[in-house]
Number of protein chains: 2
Amino acid sequence: MLPEWVNNLTTKDKILETARMLFMKEGLEGVRMQMVADEAGVNKGLLHYYYKSKDKLFTAVFNKVTSDLLKSIGDIFDNEEVSLEEKIDYAVDAYFSFLSKNPRIPVFFIFEINRDSGILKRLGFGDKVKGLIESASHAFPNEKDPDFIFHFVFTLVSLSVFPFMVKPLLKEITGSEEKATTFLDSRRSIVKTTLKNMAIS
Amino acid sequence: MLPEWVNNLTTKDKILETARMLFMKEGLEGVRMQMVADEAGVNKGLLHYYYKSKDKLFTAVFNKVTSDLLKSIGDIFDNEEVSLEEKIDYAVDAYFSFLSKNPRIPVFFIFEINRDSGILKRLGFGDKVKGLIESASHAFPNEKDPDFIFHFVFTLVSLSVFPFMVKPLLKEITGSEEKATTFLDSRRSIVKTTLKNMAIS
DNA sequence: GTCTATACGGCGATAGAC
DNA sequence: GTCTATCGCCGTATAGAC
């Protein structure tokens, strides 16, 4: 159930990593401390020893996940000075690749910000995103206005994230996991084309 | 907290409607039977009298929500024989309007299908969606191939639904509920333009 | 149909031995 | 640091009066 590499971590990190996987799938209230202990192969008492309470453990997980998420968006614009077309190809590929490796992050994040609307303020997440948009704008020809940049990135994220979030439905419609994955991949070129159309208009 | 019209319902429906609102925000495990009873202004025993168990109540809610969701997609293509451009305008406006009235449905639905992957099969939801895509395809000039139709509808839904799901983040970034709503509205024309570009290519 | 009282289990959390 | 035992509460569900 757990990936191999988790076994090499310290007990504290092993707990955090296990909790991350469980919380991402089941949400805060769907997870039992006993589950985390069992999955991680450690004693339940240790969870409280290291993280004090379930809420604190959850917050630690949420922080980890959101920092991964922010970094992933930052990374996709972090490429050399090439043509706009190439930048778009690179960005879409990078984002799809991140989502393939972390398919649960978007649903988790979106569920949580809708359930507990204060969480973004507590983490100062709004400012971090603003900084990120700022730096993303450097990837574009500077004649474009800020509003356009924001809409452009927003479209990129919408089109890339949504297919991964509805993958269970795609699996049900297409009839198999493989066909759903194939469809996901066929979306990639649609996203690229759509963004290129948007950039030249 | 509850809308006025709920008071006119039978006790059974009052419970269902209250449960729907709570489950949509908090998820299955985040809701207490006592909460539902208190919000609905009825006795907790009645919840079991009418719905037997929490799980059964939840399933009743999920059924109600998904049938609303399916109907909303069906409706947006249910317009007269006008030009493709007008159809797109109509479809986007109709879908945005539905989402404004039911902003929580997408997050709820997506969270649930990812948490309990068997739920779609149990409800026969895949077939219902396939039938819907079929009927949606009649809204398009018949020279288009089925794959294109599917991608087109998928793009429409992706671009429309995503902004509503991240509204708490938009609120945090823009600084106020009103500005977030304004941004949501500015997305509407982007979605229309994007779809028109896609249709003519 | 509606309400009260209560049974029963599960869960988060702590104390304390090793 | 790790493990066992246990406390106390909370939540679902039921029994039974009205």
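We name chains A, B, ... by the order of the sequence lines, and we start the count at 1 in each one.
- Distance from the side chain of A:Asn43 is smallest for D:dC3 among the nucleotides C:dG12, C:dT2, D:dC3.
- Following rounding to the nearest Å, B:Lys12 (NZ) and C:dT2 (C1') show an atom-to-atom distance of 16 Å.
- Rounded to whole Å, the distance from CG on B:Leu47 to P on C:dT4 is 14 Å.
- Residue B:Leu46 places its side chain closer to C:dG1 than to any other of C:dG12, D:dC3, C:dG1.
- Rounded to whole angstrom, the span from the OH atom of A:Tyr49 across to the C1' atom of D:dG1 amounts to 5 Å.
- In this entry the distance linking CD1 of A:Ile15 with P of D:dC3 reads 10 Å, nearest Å.
- Between D:dA13 and B:His48, a contact under 4.0 Å exists linking OP1 or OP2 to a side-chain N or O.
- Ring centroid separation for the pair A:Phe109 and A:Phe125 comes in under the 6.0 Å cut-off.
- Aromatic pair A:Phe154/B:Phe162: centroids less than 6.0 angstrom apart.
- A salt bridge links B:Asp185 with B:Arg188: the closest approach of a Lys/Arg side-chain nitrogen to an acidic carboxylate oxygen falls below 4.0 angstrom.
- Residue-level contact check: A:Tyr50 touches the backbone only, with heavy atoms under 4.0 Å from sugar-phosphate atoms and none from bases.
- Listed candidates were D:dT2, D:dT12, C:dA13. Nearest to the side chain of A:Lys54 is C:dA13.
- When the C1' atom of C:dA13 is taken as reference, atom CZ of A:Arg32 falls 14 Å away, rounded to whole Å.
- Side-chain N/O atoms of A:Thr11 include none lying less than 4.0 angstrom from OP1 or OP2 on D:dG1.
- The separation between B:Gln34 atom CD and D:dT14 atom C1' is 15 Å, rounded to whole Å.
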Query raised in the report: Can you list the steps and then say if A:Ile76 with A:Leu156 is a side chain to side chain contact (heavy atoms under 4.5 Å, CB included)?
Result: CA-CA 11 Å; A:Ile76 64 178; A:Leu156 162 61; 3.7 Å; yes
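- When the nucleotides C:dG12, D:dG1, D:dA13 are ranked by their closest atom to the side chain of A:Lys44, C:dG12 comes out on top.
- No contact: A:Val36 has no heavy atom under 4.0 Å from any strand.
- Side-chain nitrogen and oxygen atoms of B:Ser53 include none within less than 4.0 Å of the OP1 or OP2 phosphate oxygen of D:dT12.
- One interatomic measurement links the two molecules: CG of B:Asp38 to P of D:dG11, which rounds to 11 Å at whole-angstrom precision.
- Looking only at distances, no side-chain donor or acceptor of B:Asp89 sits under 3.5 Å from a matching main-chain atom of B:Lys192.
- Taking atom CE of residue A:Met35 and atom P of nucleotide C:dG12, one finds them 9 Å apart after rounding to whole Å.
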